[in-house]
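Residue numbers begin at 1 in each chain, while the letters A, B, ... track the order of the sequences.
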There are 2 protein chains.
Amino acid sequence: MPDTTEPAERIQISVHHRELLDQVLDKWSLQVLDELCEQPLRFNELRRSIPVVTQKSLTATLRRLERNGMVDRVVVSSRPVAVEYRIASLGRSIQELIDALFHWSTEHMSDVERARARFDDEG
Amino acid sequence: MPDTTEPAERIQISVHHRELLDQVLDKWSLQVLDELCEQPLRFNELRRSIPVVTQKSLTATLRRLERNGMVDRVVVSSRPVAVEYRIASLGRSIQELIDALFHWSTEHMSDVERARARFDDEG
DNA sequence: CGGGATCCTGCAGGATACTG
DNA sequence: CAGTATCCTGCAGGATCCCG
């Protein structure tokens, strides 16, 4: 697979890496990964644990994460059909980073809010 | 400031934290912060260093980052007007995390691509 | 140079209904 | 239960022109 684009000025993160981070760090993915890192969950359990997500968005998020190897979709039984989502090893590998991000956001939230107030005042 | 929402089941990251991370981890912000961590840049310099970004998106990204206290907008001179964007201390505080994310993405890119191929094949 | 103002479009994502 | 299908809407974000 030859590299078609990128003259690579400096070290420049390629568009592929941005795309990957976009798919993994988006609005819902962060929370889904966070939840699944603690325990496997079924579709509706997951949905309940992230109250505001719609079914469609959750489905799309799970498919994307599954495609990127971050979570595993496991059909457990098949009476009324039960599906369990489990964190995959690739998902595990980013757990610390996600935790760190959540930690950073709680750590610095008040600073951010002060900055926002200042910015909005001075308009 | 009393807490209006959140029954706080488990520890649950609040919607505010998600929102903050959304505003800081989005498509362009990651790169802008990355660039500015290395050196202050003017608007068009920044634009050139992130080739695909449009003027509008870059402006919006910079405003958002400025509002959140992540970057400082400094009017340097004023002949044809020169504006410099500098990383702020809040921005610095997330630098390591962003580096770690880039590092993670390069580290695991091949795994992800293999997962994608598998997923797309079995479709 | 560093943007602001407009116009326009795609598509992410909500609401709703249906299915194996 | 775990989705798929459809319809619909907002708005992110591109293109273009203009300004101090």
- Ignoring hydrogens and geometry, is there a side-chain-to-backbone donor-acceptor pair from B:T106 to B:H103 under 3.5 Å?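 Pair found, side chain donor or acceptor close to backbone of B:H103.
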
- Query: Do the side chain of B:S105 and the main chain of B:F102 share a donor and acceptor less than 3.5 angstrom apart?
  - Reply: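 Checked: pair present.
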
- Item | Start and end of chain A contact along DNA chain D [non-hydrogen atoms, under 4.0 Å] | D:dC1 to D:dC7

If you look at every heavy atom in [X] and [Y], which pair is closest and at what distance?
| X | Y | result |
| --- | --- | --- |
| A:G69 | A:L90 | O-CB, 3.2 Å |
| B:R92 | B:C37 | NH1-O, 3.0 Å |
| B:V32 | B:L46 | CG1-CD2, 4.3 Å |
| B:M70 | B:V24 | CE-CG1, 4.0 Å |
| B:V52 | A:R18 | CG2-NH2, 4.3 Å |

- Item | Under the salt bridge (charged side-chain N to carboxylate O under 4.0 Å, His left out) test, residues paired with A:R114 that sit two or more places apart |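 A:R114 satisfies salt bridge (charged side-chain N to carboxylate O under 4.0 Å, His left out) with A:D111 once adjacent residues are dropped.
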
- Query: Partners of B:D26 by salt bridge (charged side-chain N to carboxylate O under 4.0 Å, His left out), sequence neighbours excluded?
  - Reply: B:R64

- Message: Whether B:R73 contacts C:dG2 is assessed here as follows: a side-chain N or O lying under 4.0 Å from the phosphate OP1 or OP2. Is that the case?
- Response: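 No, B:R73 has no side-chain N/O under 4.0 Å of OP1/OP2 on C:dG2.
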
- Roughly how far, to the nearest 0.5 Å, is CH2 of B:W104 from CG of A:L97? 8.5 Å

- Interatomic distance, A:T61 atom OG1 to A:Q31 atom CD [nearest 0.5 angstrom]: 9.5 Å

- Rounded to 10 degrees, the angle between the two terminal axes of the helix from C:dC1-D:dG20 to C:dG20-D:dC1, each from five pairs: 50°

- Message: Assess whether a salt bridge exists between B:E45 and B:R47, defined as any Lys/Arg side-chain N lying under 4.0 Å from an Asp/Glu carboxylate O.
- Response: no

- Task: Select base, sugar-phosphate, or nothing to describe what A:R47 touches, counting heavy atoms under 4.0 Å on all strands.
- Result: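 No contact at all - A:R47 keeps every heavy atom at 4.0 Å or more from the nucleic acid.
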
- Query: Going by atom types only, do B:Q55 and B:T59 share a side-chain donor-acceptor pair under 3.5 Å?
  - Reply: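 On atom types as modelled, these side chains qualify, holding a pair under 3.5 Å.
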
- Tell me: CG of B:N44 to P of C:dG2, nearest whole Å? 5 Å

- Message: So if I define the base as every atom that isn't primed, P, OP1 or OP2, how would nucleotides 15-20 of chain C read as a B/S/- string at a heavy-atom cutoff under 4.0 Å?
- Response: B----B

- Task: List in numerical order all residues of residues 58-68 of chain B for which some heavy atom is under 4.0 Å away from an atom belonging to DNA chain C.
- Result: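 Here the set is B:T59, B:R63.
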
